[in-house]
Amino acid sequence: MTTVDGVSRYCPAAIDLDARQLEFLACLPMPAHGLLERLDCELERGHSGFHAALGQHSFNTQWWVQWSLAASEINPLALCTAERFPGDEEEDDNGCVLFDRHEGRHSHIRGQFFG
């Protein structure tokens with residue numbers, strides 16, 4: 001996890017998914033990974049708007065759990081197209097791993113922010 005002076009750069013918010021949300025994510029075809037019952041916000045600390053965490057990746061669709069203090073929902077969101085090194089085809093973890101038009105800086109697979 002990326003830290004500055006021992007403080008995480010990620011938002012500290014988390015959500016415990018309810019049974020319906022877990023069932024929805026579990027029923028998606030061709031899941032890319034196992035499910036977690038508790039998700040941590042993947043956005044940069046201090047972001048505005050909804051918190052967000054990837055719930056599941058199914059085929060070419062990323063299903064993001066977005067939440068506030070009052071509500072939560074699961075939405076299919078397009079992948080962010082930002083690249084750390086634009087046009088570098090050799091770099092295997094070049095792209096932002098968040099959704100398109102997310103709040104805050106971009107993030108890549110190694111858990112570091114850029115841009």
Side-chain angles (χ1 to χ4, degrees):
M1 181 175 301
T2 303
T3 62
V4 174
D5 296 327
V7 177
S8 173
R9 288 185 169 181
Y10 286 96
C11 175
I15 185 171
D16 293 312
L17 300 179
D18 65 28
R20 286 187 338 221
Q21 292 169 319
L22 288 168
E23 181 180 357
F24 174 83
L25 293 171
C27 289
L28 292 171
M30 302 289 292
H33 54 82
L35 294 179
L36 297 174
E37 292 182 22
R38 182 176 182 86
L39 298 174
D40 296 318
C41 183
E42 296 182 41
L43 300 176
E44 187 174 22
R45 180 182 287 273
H47 69 84
S48 61
F50 287 99
H51 299 288
L54 181 62
Q56 186 56 275
H57 190 124
S58 174
F59 288 111
N60 290 327
T61 304
Q62 291 189 344
W63 292 90
W64 285 83
V65 179
Q66 295 179 292
W67 72 95
S68 68
L69 292 175
S72 64
E73 57 189 34
I74 301 173
N75 296 305
L77 300 175
L79 183 63
C80 179
T81 58
E83 296 180 329
R84 288 188 307 145
F85 310 108
D88 186 349
E89 301 296 325
E90 302 285 319
E91 187 68 37
D92 64 349
D93 66 348
N94 194 22
C96 179
V97 296
L98 300 174
F99 54 92
D100 195 33
R101 295 188 293 259
H102 59 82
E103 292 284 335
R105 292 187 294 166
H106 302 289
S107 181
H108 70 88
I109 196 132
R110 293 188 181 136
Q112 297 174 336
F113 291 102
F114 68 96

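- Here the CD-CG distance, from Glu37 to Leu17, works out to 8.0 Å after rounding to the nearest 0.5 Å.
- Cluster membership for Ile74 and Val97, using ILVMFWY side-chain heavy atoms within less than 4.5 angstrom, is not shared.
- Among all heavy-atom pairs drawn from Leu54 and Trp63, the shortest one is CD1-O, 3.6 Å.
- The heavy-atom pair separating Pro76 from Thr61 by the smallest distance is CB-CG2, 3.6 Å.
- Interatomic distance, Met30 CE to Asn60 CG, rounded to the nearest 0.5 Å: 10.5 Å.
- Under the 4.5 Å side-chain heavy-atom criterion for Ile, Leu, Val, Met, Phe, Trp and Tyr, Leu25 and Phe99 are members of distinct hydrophobic clusters.
- A side-chain donor-acceptor contact under 3.5 Å links Ser58 to the backbone of Pro29.
- When every heavy atom of His57 is checked against every heavy atom of His33, the shortest pair comes out as N-NE2, 3.8 Å.
- What you find for Trp67 and Ala53 is that their closest heavy atoms are CZ3-N, 3.8 Å.
- Leu36 and Leu28 fall within the same hydrophobic cluster, where Ile, Leu, Val, Met, Phe, Trp and Tyr residues are linked whenever their side-chain heavy atoms come under 4.5 Å apart, directly or through other members.
- Rounding to the nearest 0.5 angstrom, the gap separating the CG atom in Asp40 from the CD1 atom in Ile15 is 11.0 Å.
- Side chain to side chain, Gln21 and Ser72 meet the donor-acceptor criterion of an N or O pair below 3.5 Å.
- Taking a 6.0 Å sphere around CZ of Arg38, one finds it holds more than 12 heavy atoms contributed by other residues, nucleotides or ligands.
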- side chain to side chain contact (heavy atoms under 4.5 Å, CB included) between Glu42 and His102: does it pass, once the steps are laid out? CA-CA 10 Å; Glu42 296 182 41; His102 59 82; over 6 Å; no

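- No continuous path of ILVMFWY side-chain contacts below 4.5 Å connects Trp64 to Phe50, so the two sit in separate hydrophobic clusters.
- Counting all heavy atoms, side chain and backbone alike, Leu79 lies closest to Cys96 at CD1-O, 3.6 Å.
- Atoms OH and CD, on Tyr10 and Glu44 in that order, are 9.5 Å from each other to the nearest 0.5 Å.
- Not a single donor-acceptor pair under 3.5 Å links the side chain of Asn75 to the backbone N or O of Leu77.
- In this structure, Gln56 and Ala32 approach most closely via the heavy-atom pair OE1-N, 3.2 Å.
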